[in-house]
Amino acid sequence: ASFPECSTFVDLVDKAGMTTVLAKDGPFTVFIPTNEAFAKIPQDRLAKISGDRAALSAVLLYHMTPETLSSKELASPSELKTCVVPAASIATSSEKYGDASFVRKDVPCVNGVVYVVDAVQIPPFMTQNGLVAPPQRAPEELSIVASEEIVAGAAPLSLLLSTNMASSATTSVAYLF
């Protein structure tokens, strides 16, 4: 496991039922919270979110954008469109994704890029208790790709989201954290 500090995210992706759809093309950017980031969420709230598949999917999709973004492209403060439904944007800058600071940047992937962040971002439409989330797209419409692509000196991580319905190909997934 190359990114053991992100195992909670991987477990939650599995719990959300998104594991079976982790196979289509990008490009995408994923902002993956560390285990410490999840530990900062009060345990009762995290339990409520992780126990509600729609709420959990909303939180996970709020950490993904439907484009590949390098740190150069994030250098200027902006609002990024996330993959969560209904559409929700999040503020970014050269050092931040919402309230989260970057721990690792520009980890190249087959279909885009991954950033590791130090805080979990909650979509603005969710209530304080974490149980109210909008209806999500069917899981079959989403995919995340895990790949063994390794760049010299970089950790072997690829987690990418796709809402491209044109491709029906699926491949097996191997998480490399």
Side-chain angles (χ1 to χ4, degrees), residues 3 6 8-19 21-34 37-38 40-41 45-46 48-50 52-128 130-146 157-165:
F3 277 166
C6 297
T8 301
F9 183 84
V10 173
D11 293 343
L12 292 174
V13 165
D14 184 47
K15 188 170 187 167
M18 296 169 67
T19 305
V21 293
L22 307 178
K24 296 182 184 174
D25 295 335
F28 298 97
T29 301
V30 181
F31 299 88
I32 302 176
T34 63
F38 283 102
K40 293 176 190 176
I41 299 173
R45 185 164 192 217
L46 183 58
K48 288 177 184 177
I49 291 170
S50 65
D52 180 323
R53 191 170 179 179
L56 179 56
S57 294
V59 170
L60 296 172
L61 292 171
Y62 195 55
H63 290 83
M64 303 173 189
T65 64
E67 59 188 317
T68 299
L69 299 167
S70 70
S71 56
K72 283 184 180 182
E73 292 168 298
L74 295 174
S76 299
S78 64
E79 290 283 321
L80 291 183
K81 175 183 156 192
T82 66
C83 292
V84 72
V85 176
S89 297
I90 190 163
T92 63
S93 70
S94 62
E95 298 300 321
K96 295 273 194 179
Y97 183 76
D99 296 330
S101 295
F102 296 126
V103 175
R104 293 189 193 191
K105 296 181 184 181
D106 294 315
V107 180
C109 305
V110 172
N111 300 358
V113 65
V114 168
Y115 293 79
V116 176
V117 296
D118 69 354
V120 177
Q121 303 302 294
I122 305 295
F125 53 77
M126 293 180 69
T127 64
Q128 190 63 20
L131 293 178
V132 178
Q136 296 296 304
R137 293 184 179 121
E140 295 77 32
E141 295 176 350
L142 304 172
S143 66
I144 298 175
V145 176
L157 168 70
S158 294
L159 258 183
L160 302 163
L161 179 79
S162 174
T163 56
N164 181 355
M165 298 295 290

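What you see is a predicted model, and the numbers here were worked out from it, not measured in a lab.
- Here the CG-OG distance, from Asp118 to Ser101, works out to 4.5 Å after rounding to the nearest 0.5 Å.
- Between atom NE2 of residue His63 and atom CG of residue Leu12 there is a gap of 10.5 Å, rounded to the nearest 0.5 Å.
- Shortest non-hydrogen contact noted between Ala75 and Ser94 is CA-CB, 3.7 Å.
- For the atom pair CD1 of Ile90 and CG of Leu80, the computed distance is 8.0 Å after rounding to the nearest 0.5 Å.
- In this structure, the side chains of Val85 and Leu61 stay at 4.5 Å or more apart for every pair of heavy atoms.
- Val120 is not listed as a side-chain neighbour of Leu46, based on a closest heavy-atom distance of 4.5 Å or more.
- A heavy-atom distance below 4.5 Å is found between the side chains of Thr29 and Tyr115.
- Lys81 and Ser89 are not linked by any side-chain donor-acceptor pair at a separation below 3.5 angstrom, with hydrogens and angles left out of the test.
- Across every non-hydrogen atom of Gln121 and Ala100, the tightest pair is NE2-N, 3.4 Å.
- Listed here is the closest heavy atom pair of Ala55 and Met126: CB-CE, 3.6 Å.
- Closest of all the heavy-atom pairs between Val116 and Cys6 is CG1-SG, 3.9 Å.
- For Tyr62 against Pro124, the heavy-atom pair with the smallest separation is OH-CD, 3.5 Å.
- By the 30° and 60° cut-offs, the orientation of the rings of Phe9 relative to Phe38 is tilted.
- Separation of atoms CZ (Phe102) and OH (Tyr97) is listed at 9.0 Å; rounding is to 0.5 Å.
- One distance of note links CG of Leu74 with NZ of Lys105; it measures 8.5 Å at 0.5 Å rounding.
- Within the model, atoms CG of Leu60 and OG1 of Thr82 stand 12.0 Å from one another, a figure rounded to the nearest 0.5 Å.
- Nearest heavy atoms, Val113 versus Leu69: CG1-O, 3.1 Å.
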